[in-house]
Amino acid sequence: MRKTIYFCFFYLLLTMQGYAQMSQQARDSINRLNNEDHQAMMKLLNISALRPGPSGNPQAPNAANADESKATTYTSLPDPLVFKDGTKVKSPKAWEKRKFEIMEDFSREMYGRLPSNIPKVTWEVVSQKDTMISTYPAKEKKLLGHVDNSSYPAIQVAIQLTLTTPASPGAPVPVMVEFGWNFPPGMNRPPVEGTPWQQQVLAKGWGYAILIPTSFQADNGAGLKEGIIGLVNKGQPRKADDWGTLRAWAWGASRAIDYFETDEEVDPKRIVIEGLSRYGKAAIVAMAYEPRIAMGFIGSSGAGGAKILRRTFGEQVENLAASGEYHWFAPNFIKYAGPLTPNDLPVDAHHLVAVCAPRPVFISVGSPAVEGNWIDAKGMFLAAVHASPVYELLGEKGLETDKFPPQETTLTKGDIAFRQHAGGHTVVPNWPYFLEFADRYFSNGSKARK
Ligand code: GCU
């Protein structure tokens, strides 16, 4: 328990990405720019006021709801297997068309569209060394993806990526790609109980990669005029359906896969995406939009990730649309915190899980006693349940049950897996279960699914 609390503390520091180390002046300046851009986006959408979100502090008078009996304020969820015109989706072929409708809704209303003129990325292997990760001989490559900025030289963008593969794999290996934190100099990784996941991965003869999202798109509204979004917009504000930070981070994952396709150590058909919290959101968005991702390990992604947004439990759309988080989304998404409501969304999180079908996806969450209720474990479970009919239509198996299980029940029989571990805001306790799940699809160098 003490270690978990320590981890949470460490994690909090890391999510700030050095924010805590910044001068008060620098912090004020970021907040001011966030507010200015947020206000400008509200003006663009003709919105004068937004509903405030509930508090993440369970003790606050306006604390987010954590009472299951008050959570289902919606009467129904939009059915992924019904077209907008009311026709039912009855075949895998029809699903491809319906999927297109869903992706269009996500792009326009929620995550934003990728611009058509994103410049090219050229990968450079900055350094390469033979190393030992515990007892595992490995090869580590540090890479930089240089983005062509000739269209707007004032902004420079480079994607930071590290790839670690077993020293003599014999054949191209699966790679677990983690959206990772940029540890400020002098700050070490948080202590981990048990075998670090990187060693668990190498023990299977697989590789891993750490992609640093904030190296190419900052995690705040102030940064939207910089990074890859700012470069493409030449430092100008976004349009209503322009990409948000989550799609920008997902774009970076796609560029990393472009590199993997050129690296003979990597099997680009066995790429896993993994992330926690805001990076869990980024991971499922990446998987939804990038067909080359074979599998997802989605950690405590919550609202804006795998949690049903219509549920009145934990974090709400009103929180996501406020000035601290709106940058993750297209400006259009702000509308759903006033004048519209989450019930007006044409899609919800079960659609996001559904568009990953037929690929295996593992949804991970921590214990409410340690992680809290902000993330909404049941909201993510329900998204998995309601995405399952799509997997079944495609001849796969969805989540194995629609009854919310006790903590530490491993639901990995289907192609959608769910596990609530006993720890906090972390994926660490679920790594062994995820790897066992992944093994079913990836083992023995075989590309065969199951
Ligand atoms: C906040 C935010 C969440 C997010 C989390 C994180 O709690 O409200 O949506 O997932 O930060 O990334 O740590």
Side-chain angles (χ1 to χ4, degrees), residues 4-5 7-20 30-31 34 38 50-60 62-66 110-111 178-183 190 211-214 217-221 223 244-250 273-286 296-309 311-329 333-334 336-337 342 348-349 352 363-368 370-377 379-380 383 423-428:
T4 313
I5 289 170
F7 179 86
C8 288
F9 171 69
F10 228 100
Y11 173 77
L12 205 74
L13 280 181
L14 291 173
T15 55
M16 305 280 172
Q17 300 264 317
Y19 189 80
I30 288 191
N31 287 338
N34 279 352
H38 189 244
L50 297 175
R51 294 182 304 278
S55 170
N57 172 3
Q59 259 67 47
N62 63 334
N65 179 44
M110 193 162 172
Y111 298 112
E178 177 173 83
F179 282 114
W181 311 100
N182 196 2
F183 293 89
L211 175 69
I212 307 293
T214 50
Q217 189 59 51
D219 188 10
N220 52 52
T245 306
L246 290 173
R247 273 214 82 181
W249 289 341
I273 193 82
E274 178 262 320
L276 173 74
S277 208
R278 63 200 61 195
Y279 293 162
K281 305 182 210 298
I284 190 157
V285 170
F297 180 19
I298 314 299
S300 297
S301 60
K307 163 231 166 75
I308 298 285
L309 291 167
R311 261 170 69 83
T312 311
F313 191 102
E315 182 168 23
Q316 298 295 291
V317 166
E318 287 79 1
N319 301 100
L320 298 174
S323 65
E325 299 181 358
Y326 78 102
H327 62 280
W328 291 337
F329 307 96
F333 189 59
I334 303 174
Y336 295 92
D348 209 319
L352 192 62
I363 296 173
S364 167
V365 66
S367 159
V370 192
E371 184 174 48
N373 284 303
W374 188 242
I375 297 300
D376 188 4
M380 296 192 289
H425 197 44
T426 168
V427 290
V428 167

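In each ligand, atom 1 is the first atom listed, and ligand 1 is the first ligand listed. Please read these numbers as outputs of a predicted model, since none were measured by experiment.
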Does some side-chain heavy atom of [Y] sit less than 4.5 Å from a side-chain heavy atom of [X]?
{"X": "H327", "Y": "D219", "value": "yes"}
{"X": "I375", "Y": "M380", "value": "yes"}
{"X": "L309", "Y": "Y336", "value": "no"}

Quiz item: Any sub-3.5 Å donor-acceptor pair from K281's side-chain atoms to A303's backbone N or O?
Solution: yes
I need the atoms of ligand 1 closer than 4.0 Å to a non-hydrogen atom of [X], numbered in the order shown.
{"X": "K281", "result": "3 (C), 4 (C), 9 (O), 10 (O)"}
{"X": "S277", "result": "4 (C), 5 (C), 6 (C), 10 (O), 12 (O), 13 (O)"}
{"X": "R278", "result": "1 (C), 5 (C), 6 (C), 10 (O), 11 (O), 12 (O), 13 (O)"}
{"X": "H425", "result": "13 (O)"}

Exercise. Apply salt bridge (Lys or Arg N to Asp or Glu O under 4.0 Å) to E318 and list each qualifying residue two or more places apart in sequence or on a separate chain.
Key: R51
Exercise. May I ask you to check whether W374 has an N/O atom sitting below 3.5 Å from an N/O atom of ligand 1?
Key: yes
Quiz item: Hey, is ligand 1 close enough to S300 that some N/O pair sits below 3.5 Å?
Solution: no
